[in-house]
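Worksheet: one structure, shown below.
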Amino acid sequence: MRFLLTHFRAFSTGIATSPSSQISYFARLGQIENARKVFDGLSEKTVVSWNSIIAGYFQNNQPCEARFLFDKMPQRNIVSWNGLISGYVKNGMITEARRAFDKMPERNVISWTAMIRGYVQEGMMEEAEALFWKMPERNVVSWTVLLGGLIQEGRIDEARRLYDAMPVKDVVVRTNMIGGYCKEGRLSEAREIFDEMPHRNVVSWTAMITGYAQNNRVDVARKLFEVMPEKNEVSWTAMLMGYMQSRRMEEALDIFEAMPVKSDAACNAMILGFGLNGQVAKARMIFDTMSEKDDVTWSTMIKVYERKGFELEALDLFALMQKKRVRPNFPSMISILSVSSSLASLDHGRQVHAQLVRSQFDLDLYVASVLITMYVKCGYLVKAKQVFDGFTPKDIVMWNSIITGYAQHGLAEEALQVFHDMFSSGFMPDDVTFIGVLTACSYSGNVDEGLKIFELMRSKYNVEAKTAHYACVVDLLGRAGRVNEAMNLIENMSVEADAIVWGALLGACRTHKKFDLAEVAAKKLLHLEPENAGPYILLSNLYASQGRWDDVAELRKNMKARSVNKFPGCSWIEVEKRVHMFTMGDSSGHPEHVMIMKMLEKLAGLLTEAGYCPDGSFVLHDVDEEEKMNNLRYHSEKLAVAYGLLRVPKEMPIRIMKNLRVCGDCHSAIKLISKITGREIILRDANRFHCFKGGLCSCKDYW
DNA sequence: TCAACTCAGC
């Protein structure tokens with residue numbers, strides 16, 4: 001019934017009158033089944049209707065069925081053979097196309113051109129050119145196809161010589177040449193051809209507009225856009241993208257609103273444009289106004305949330321997408337894996353992993369690396385290693401992912417072992433590898449090994465030291481208390497020290513209470529990154545610990561003047577696929593607030609009994625002692641631990657994440673909590689993992 | 001009526 005209705009509609013609108021054009025009509029819409037029904041219903045099948053249905057199958061990416069029907073045809077004409085060639089070309093089957101070309105009984109200019117087009121599409125320009133010069137006769141289309149190939153290869157001057165040699169030029173080839181020049185940024189040459197054109201169509205105007213729009217001349221593009229006699233969807237979209245790439249979002253929005261037909265592509269572009277520009281709410285508004293959303297729309301919005309740090313919203317939307325029966329596509333799954341990494345949400349990560357396996361995307365090298373990183377960030381190293389081991393052949397990114405993973409968990413031996421495995425598998429370590437290895441040495445206190453590797457990196461592996469490597473070594477020396485050596489290294493660096501290097505020194509100075517050097521490092525940092533709250537906090541912390549309250553006040557005033565805001569500490573935990581987030585001092589927004597507070601009370605009692613003494617020096621603020629103690633008790637990581645104790649089954653480890661470094665007092669407290677409760681607690685902070693068990697931490701208090 | 005070419009973004 002439904003078929004009859006659509007059939008009738010196609011018929012009555014006058015779009016398709018003959019059986020063959022009905023077949024083509026349905027095929028163009030992607031409704032190949034309906035096309036087939038028309039074909040099967042024909043009492044008398046002509047060559048033309050056979051040709052139409054075969055072309056339809058090729059167009060709908062079903063070359064096997066197309067070939068099957070071609071073999072079954074009672075009669076073939078030259079159009080059938082040409083259709084076979086172009087059908088194979090459309091499906092990227094160049095060998096089969098050539099076989100048909102060689103086998104066909106007679107050829108015309110279209111057969112030759114279709115074959116050349118196939119070679120051009122596959123980037124086989126030598127074959128394309130050879131065939132072109134062998135053609136018995138050429139027309140303007142054949143010339144254009146070859147010209148397009150040269151342009152595609154960036155051989156613009158050769159393309160121009162071919163263009164000049166053409167006996168006849170039409171509007172298409174002129175437009176092609178315009179597009180070629182525009183792609184190379186040679187706008188004046190493009191414009192010259194445009195101005196000399198005897199006739200122009202919408203496509204020529206749009207090509208010229210695109211050229212200006214994508215070469216930072218969006219205002220010129222707009223002028224042409226205003227005067228062009230007729231606009232289509234492509235011209236509107238080109239103009240839109242021009243503003244978008246120039247980050248002129250208001251004008252982009254104006255164009256978008258004025259567009260008579262808002263294609264999905266334009267909407268998706270707006271969502272991405274606004275979203276990545278930081279206007280996430282506006283992006284969501286466009287998303288919400290779209291009546292029909294396809295998988296690209298959903299994944300675009302999810303990607304925006306992911307990139308802009310709206311992890312929870314990304315997860316919600318991913319769930320909603322599936323509820324609306326839109327199958328997750330590849331980009332959405334990659335986004336969610338990335339979200340899972342940021343949130344250390346093992347449940348979501350695992351779910352996506354399963355979906356990737358089902359759609360066989362997990363065989364992809366890039367996916368393997370993303371999966372490894374996800375499992376590493378979720379603190380599930382065994383699984384990360386399992387994915388790593390199960391994938392061959394490996395690439396450098398995979399090796400680096402697993403090495404960095406071990407490093408972040410402070411497992412230096414494992415990291416170094418993989419590093420050596422990598423070398424014996426014939427891979428040359430690169431700069432990223434060494435960041436991982438040096439980090440491993442640093443986090444595990446392997447100072448001598450680290451220094452040796454840093455030396456070998458340059459002398460043996462020929463990898464030039466970047467600031468990130470220096471930062472690792474400064475960290476390595478600094479953690480071990482060799483702060484002056486670290487400072488010496490900075491002074492003798494081959495590149496200029498950046499914020500990461502100074503930050504590493506500052507961290508070490510804080511740990512080892514080297515106040516004079518700390519002040520030097522902090523002031524460097526304030527200079528390099530005036531918007532970053534980190535150094536202000538550290539410096540303020542430092543002054544506070546010495547009771548220099550005037551300096552603290554001065555610093556605060558400075559922060560306010562530059563409108564630097566402290567990044568609030570926040571921790572979260574995943575329970576039954578829901579992420580629960582806590583900020584410092586408060587869980588009142590949480591539905592189980594009362595239970596959490598009770599658990600904290602209970603913990604406080606147990607901790608006191610166990611001899612725990614809060615260390616107020618970890619609180620920055622100039623507040624009285626009692627309030628200091630309260631602030632400590634309600635640090636976000638403690639709230640998350642309390643919730644984990646309430647909700648995570650006994651036999652499972654409690655996995656907590658924190659956006660900043662774990663606070664020293666919380667570190668001591670959680671060690672004790674792991675002992676008192678007999679629970680394993682895995683905490684991922686901004687720097688690394690801490691695995692608390694039986695009163696000890698995997699970092700061996702070296703962090 | 002079926003077969004070859006140009007503009008945007010996926």
Side-chain angles (χ1 to χ4, degrees), chain A residues 15-25 27 46-56 58-59 73 76-90 97 100 104 107-118 120-121 135 138-149 151-152 169-180 182-183 190 193-194 197 200-211 213-214 228 231-242 244-245 259 263-270 272-273 294-297 299-300 329-331:
Chain A
I15 293 169
T17 45
S18 78
S20 322
S21 51
Q22 283 171 49
I23 294 170
S24 306
Y25 171 76
T46 60
V47 186
V48 176
S49 51
W50 278 95
N51 288 346
S52 301
I53 190 67
I54 291 169
F58 273 126
Q59 205 174 356
M73 279 176 90
R76 302 180 188 98
N77 60 14
I78 195 162
V79 177
S80 327
W81 284 97
N82 286 346
L84 189 66
I85 295 174
S86 73
Y88 278 136
V89 165
K90 277 193 194 99
M104 64 195 294
R107 304 178 190 97
N108 62 11
V109 63
I110 296 182
S111 334
W112 287 84
T113 308
M115 196 61 232
I116 294 170
R117 166 72 206 201
V120 163
Q121 191 180 286
M135 284 176 87
R138 307 176 187 94
N139 65 15
V140 66
V141 180
S142 344
W143 285 88
T144 308
V145 168
L146 189 67
L147 186 100
I151 288 173
Q152 176 184 292
K169 298 179 186 64
D170 65 1
V171 62
V172 174
V173 79
R174 288 173 207 269
T175 307
N176 225 324
M177 202 61 229
I178 291 172
C182 287
K183 215 171 65 178
I193 292 173
F194 180 79
M197 282 173 88
R200 302 183 190 100
N201 60 9
V202 190
V203 180
S204 355
W205 284 90
T206 308
M208 201 61 237
I209 288 171
T210 305
Q214 301 199 333
M228 71 191 287
K231 301 173 178 64
N232 66 11
E233 209 177 291
V234 179
S235 354
W236 283 94
T237 311
M239 201 59 238
L240 180 74
M241 295 312 297
M244 212 89 102
Q245 275 154 21
M259 277 174 94
S263 66
D264 283 0
C267 291
N268 293 344
M270 287 301 286
L272 196 66
D294 63 3
D295 60 316
V296 178
T297 307
S299 64
T300 304
N329 57 6
F330 185 71

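Reminder, nothing fancy here: chain letters follow the sequence lines and each chain counts from 1.
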Rounded to whole Å, how long is the line connecting atom [atom1] of [X] with atom [atom2] of [N]?
X: M259(A); N: dG9(B); atom1: CE; atom2: P; result: 12 Å
X: M270(A); N: dC10(B); atom1: CE; atom2: C1'; result: 17 Å
X: M228(A); N: dA8(B); atom1: CE; atom2: P; result: 12 Å
X: K183(A); N: dT6(B); atom1: NZ; atom2: P; result: 12 Å
X: Q245(A); N: dG9(B); atom1: CD; atom2: C1'; result: 10 Å
X: Q214(A); N: dC7(B); atom1: CD; atom2: C1'; result: 10 Å
X: Q121(A); N: dT6(B); atom1: CD; atom2: P; result: 10 Å
X: D264(A); N: dG9(B); atom1: CG; atom2: C1'; result: 11 Å

Indicate yes or no for a side-chain donor-acceptor contact from [X] to the backbone of [Y] under 3.5 Å, with no hydrogens or angles considered.
X: D264(A); Y: C267(A); value: no
X: N108(A); Y: S111(A); value: yes
X: D170(A); Y: V173(A); value: yes

Checklist entry - How far apart are the C-alpha atoms of I85(A) and M104(A), what are their side-chain angles, what is the distance that settles it, and do they pass the side-chain contact (heavy atoms from CB on, under 4.5 Å) test? => result CA-CA 10 Å; I85(A) 295 174; M104(A) 64 195 294; 3.7 Å; yes
Item to check | Partners passing side chain to side chain contact (heavy atoms under 4.5 Å, CB included) against A238(A) (at least two apart in sequence or in another chain) | outcome: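 Checked A238(A) against side chain to side chain contact (heavy atoms under 4.5 Å, CB included); matches are T206(A), T210(A).
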Checklist entry - Under 3.5 Å, is there a donor-acceptor pair linking the side chains of T46(A) and S49(A)? => result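 Yes - a donor-acceptor pair under 3.5 Å links their side chains.
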Find every protein N or O atom lying less than 3.5 Å from an N or O atom of nucleotides 1-5 of chain B, and list the pairs.
residue	atom	partner	partner atom	Å
dT1(B)	O2	S20(A)	OG	3.3
dC2(B)	O2	N51(A)	ND2	2.5
dA3(B)	N3	N82(A)	ND2	2.8
dA4(B)	N1	N139(A)	ND2	2.9

